[in-house]
Protein chains: 4
Amino acid sequence: MDETKRNRPLRADARRNRARVLDAAESVFAADGLSAAMEDIARTAGVGVGTIYRHFPTKDALFEAIIVNRYERLADDADALSAAKDPGEAFFELFTRMVDQAAAQKAFADPLAQAGVDIKASTSAIGQRLLAALERLLIQAQQARAVRDDVGLPEVIAVLSGSCHAAEYAGRDHSVRARALAIVFDGLAPPR
Amino acid sequence: MDETKRNRPLRADARRNRARVLDAAESVFAADGLSAAMEDIARTAGVGVGTIYRHFPTKDALFEAIIVNRYERLADDADALSAAKDPGEAFFELFTRMVDQAAAQKAFADPLAQAGVDIKASTSAIGQRLLAALERLLIQAQQARAVRDDVGLPEVIAVLSGSCHAAEYAGRDHSVRARALAIVFDGLAPPR
Amino acid sequence: MDETKRNRPLRADARRNRARVLDAAESVFAADGLSAAMEDIARTAGVGVGTIYRHFPTKDALFEAIIVNRYERLADDADALSAAKDPGEAFFELFTRMVDQAAAQKAFADPLAQAGVDIKASTSAIGQRLLAALERLLIQAQQARAVRDDVGLPEVIAVLSGSCHAAEYAGRDHSVRARALAIVFDGLAPPR
Amino acid sequence: MDETKRNRPLRADARRNRARVLDAAESVFAADGLSAAMEDIARTAGVGVGTIYRHFPTKDALFEAIIVNRYERLADDADALSAAKDPGEAFFELFTRMVDQAAAQKAFADPLAQAGVDIKASTSAIGQRLLAALERLLIQAQQARAVRDDVGLPEVIAVLSGSCHAAEYAGRDHSVRARALAIVFDGLAPPR
DNA sequence: CATGAATGAGTTTTCATTCAT
DNA sequence: AATGAATGAAAACTCATTCAT
């Protein structure tokens, strides 16, 4: 009815609500897994369920948005690391960060794994950016002889995904996580 | 009043149905994840829901029975391997089998991870047997210099759990799975 | 197939089972109410559910059989009392016995009330005998000036049914039950 | 963030639905007993089952709400009668009203009986109020020589509960109900 | 725009009754 | 005849999503 404000970016309070929902959803999903109820998320965010649905048409869409969010940050990280550090360090640092996130956030590892598979609209669009960054880091690290030559992106993702789960399993026990990661890193290092 | 047959193992048809339910549940859970509906399982098994509940008082109990089943077989495998092969081979062969199972069966990896944590009655009783067998294999493999000395059971479980997820991610792509596993195995090998 | 034994009364063990089921049902219904499960009754009786269904085609039929059983005994009581005691005593004694039964057995009062209403086959057949006996006692008591003249059988049944519930409510508290019953008896006594 | 309306009583439509549910539940319970299905209640109320559960978390809670409702009205009645009529009349009038309700509503008598026993939260809170009012009426009636001296509240409740059941039994037959009640009232009157 | 009440399909579980052993 | 396994129609309850306020 009111064609004055069609594609304006989003009213200030609306943007604030969107962010609050996203934060709440992230922590509720992390705590309860994917089966968390929308009402719980709404309550945590301090809004009504309707507000969630205004911003995200579907529970899946909300979840996807979280993933996209993470991927954006990780892709940013990847770019920054690529610029700031030497190739091997950059690669393993990103790997470590992702694993650390998984340790902190239940339900991080699974969607990560899916990112390489899914063709779901936005997820993969942004996922591609992350994957591309990861691949760049991998190739640079291989050229710098920090990572063995005979692995490609798919294997790295598989191992990364696995490591995230391993970290999730290790939970609060830092030393187990560290040693498990050490095994994987040794396995990724060039032979000899 | 008929004390001849008190603790009879289970009538023939009942045993057959129990097995059918277990099979059906395994494949339906594998396909749909833990949120699969009991009715689907019943339909797949070709029985009524009531039959499932006669054998397993609860959805959780059914799931647990599947896990226990798997663990039993794996523990048996572990014992057999330990007797038949040289230590290093035995260890890596068991590791590989578990990962292969995970690749085939969604929802195998997660409960595996929990086995090291949970204290839930029967699950852990049998889980302990598997873990004990795994530890035995690990120690023997270490003594045979097939596995590096500085890892303990917790790390191995973490890495194993992670590898299962990696395999789940890799899905049907055998070569990715093989290469990912190779990375982990290299990481587990003794240095040099 | 075997027409040798068509209408023979019932094999000895069958008769014994029937009685056991009836006993078990009586106590389980008393404890859990009408919603008690058939399996519980079977277990209590030490038989399989199938055996219950051999003797009673339906849960309702089983319940009815219990009621019929009680009514038979009460009708017998009524006859005996009528012969042995003076009319007033006989009437109030029967009344008291019924109320005592109700106090002991949950779910006794309700079906009693229905006996006056229901036309359900056997129940009412035997119920009629009890009601007839009750009416005889009532009339005799009225003739002996032990009960007021202006009440008929329906009122007596209503009050009796109510008293059974009152007794059920009073539960273990004997003195409350006694005083409640005293009120009713006073009300039934002839005026003055 | 909008602190204007925190503990709002209930939106207009919500209140209307709550009342409809309560009404529907009352009549469905009255017709079918406590085992009535929630769906039936929902259909009768013209709402979805979910709506019932929004207002009452449990079938028991719904039932309790009905009882509480009745008790509130009866306690109000008791207070009004106590103020408006002479003690004896007030007592017997309340008694009669409760019995009339029971005649109309199956499943009214039983919970009444429990009110004297149960300690269940809200039920008994309001139940206490009713019982207190009843006791007040009783004592006043006794002081006015309208009720015999040797009965206490427990007996009165027992008899009242019993009378409710008697009325339930009598059903539509007004004259039976009236005469049955007359018996009880005579029993409650002071001797001679 | 935000809210939270309403919806109803779908889920787990129970239990009277049937039927193969 | 007895047994107890199987059946499947309910029943209570949940929760993603829609919509009136």
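Computation of the quantities below employed the complete heavy-atom set of this structure, encompassing side-chain atoms and omitting hydrogens, waters and symmetry-equivalent molecules. So that the names make sense, note that chain A is the first sequence line, chain B the second, and so on, each numbered from 1.
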- Any chance you could measure Leu34(C), atom CG, to Asp60(C), atom CG, to the nearest 0.5 Å? 8.5 Å

- Side chains of Arg20(A) and Asp23(A) in contact at under 4.5 Å (non-hydrogen atoms): no

- Is there a side-chain polar atom (N or O) of Asn17(C) under 4.0 Å from OP1 or OP2 of dA2(F)? yes

- Note on the structure: When rounded to the nearest 0.5 Å, the distance separating NZ of Lys59(D) from CD of Glu64(D) is 14.5 Å

- Arg54(B) CZ to dT13(E) P, in whole Å, measures 17 Å

- Note on the structure: Taken to the nearest whole Å, CG/Asp32(D) to P/dA12(F) is 11 Å

- Query: Taking CE from Met38(C) and P from dT3(F), how many angstroms apart are they, rounded to a whole number?
  - Reply: 14 Å

- Message: Measuring only between side-chain heavy atoms, which start at C-beta, is Ile41(A) closer than 4.5 Å to Val49(A)?
- Response: no

- Item | Thr51(B) vs Arg18(B) side-chain heavy atoms within contact, under 4.5 Å | no

- Task: Return the 5'-most residue of the pair Ser35(C), Ser35(B) with respect to DNA chain E, ranking by each residue's nearest nucleotide.
- Result: Ser35(B)

- Message: Strictly by Watson-Crick or wobble contacts shorter than 3.5 Å, is anything paired with dA20(F), and which nucleotide is it?
- Response: dT3(E)

- Message: Could you tell me if the side chain of Phe56(D) sits less than 4.5 Å from the side chain of Leu22(D), heavy atoms only?
- Response: yes

- Query: Can you list, by residue number, the residues of residues 39-53 of chain D that have a non-hydrogen atom closer than 4.0 angstrom to DNA chain F?
  - Reply: Tyr53(D)

- Query: Which part of the nucleic acid does Ala61(D) contact within heavy-atom distance under 4.0 Å: base, sugar-phosphate only, or nothing?
  - Reply: nothing

- Item | Integer-rounded Å distance: dA2(E) P and Arg15(A) CZ | 13 Å

- For the pair made of CG in Asp60(C) and C1' in dC15(E), what is the distance, rounded to whole Å? 14 Å

- Query: What's the spacing between Arg70(B) CZ and Glu26(B) CD if we round to 0.5 Å?
  - Reply: 4.5 Å

- For dT14(E), the Watson-Crick or wobble partner whose two distances fall under 3.5 Å: dA9(F)

- Check the distance between dT17(E)'s C1' and His55(C)'s NE2 and give it to me in whole angstrom. 16 Å

- Contact class for Thr58(C) (heavy atom, under 4.0 Å): base, sugar-phosphate, or nothing? sugar-phosphate

- Separation of atom CG in Leu34(A) from atom P in dC15(F), rounded to whole Å: 14 Å

- Note on the structure: Lys59(D) NZ to dA10(F) P, in whole Å, measures 15 Å

